[in-house]
Amino acid sequence: MHTAVSSTGTASIRLLWPFLALARRHGHGIERIVRERLNLTEAELDDPDTRVPQASLAQLLNDAIARSGERDLGLLAARF
């Protein structure tokens, strides 16, 4: 008999870095907000080995798209 294991997928914090770079370029200091939403320290936000819950990262990015009104936010961030 197999027991179902519930696990939450994680994603690398590096996926968020292009969005942070884009925000910085446009004068938005959002690091504090991102750290609070993902419950990270400043060092963890800068650590390429940091993993965050995939659902939390997706929600953060969806919120960023909604707030910015830029539906192509991912394409803009990809330039970085």
More than 12 heavy atoms from other groups under 6.0 Å of CD on Glu36:
yes
Side-chain donor/acceptor pairs under 3.5 Å, residues 50-58, sequence neighbours excluded:
from, atom 1, to, atom 2, distance (Å)
Thr50, OG1, Glu44, O, 2.6
Thr50, OG1, Asp47, O, 3.2
Arg51, NE, Thr10, OG1, 3.1
Arg51, NH2, Thr10, O, 3.0
Arg51, NH2, Thr10, OG1, 3.3

Gap separating the CG atom of Leu15 from the CG atom of Leu60, nearest 0.5 angstrom:
12.0 Å
Heavy-atom neighbours of Asp72 CG exceed 12 at 6.0 Å
yes
Gap separating the CD1 atom of Ile30 from the CZ atom of Arg37, nearest 0.5 angstrom:
10.5 Å
Before you tell me yes or no, could you show the steps for Leu61 and Leu73 under side-chain contact (heavy atoms from CB on, under 4.5 Å), namely the whole-Å CA-CA distance, both residues' side-chain angles and the distance that decides it to 0.1 Å?
CA-CA 9 Å; Leu61 294 175; Leu73 190 61; 6.0 Å; no
Of all heavy-atom pairs linking Ala77 and Pro18, the shortest is O-CB, 3.3 Å
For the atom pair CZ (Arg35) and CD1 (Ile33), what is the distance rounded to the nearest 0.5 Å?
10.0 Å
Side chain to side chain donor-acceptor pair (under 3.5 Å) partners of Glu31, counting only residues at least two apart
Arg24
How long is the gap from CD on Glu70 to CG on Leu22, to the nearest 0.5 Å?
9.0 Å
Checking Ile13 against Asp49 for the side-chain contact (heavy atoms from CB on, under 4.5 Å) test, could you report, in this order, the C-alpha distance in whole Å, the side-chain angles of both residues, the deciding distance, and whether it holds?
CA-CA 7 Å; Ile13 195 67; Asp49 292 327; over 6 Å; no
Just by modelled atom types, is the Leu45 backbone N or O under 3.5 Å from a matching donor or acceptor in the Trp17 side chain?
yes
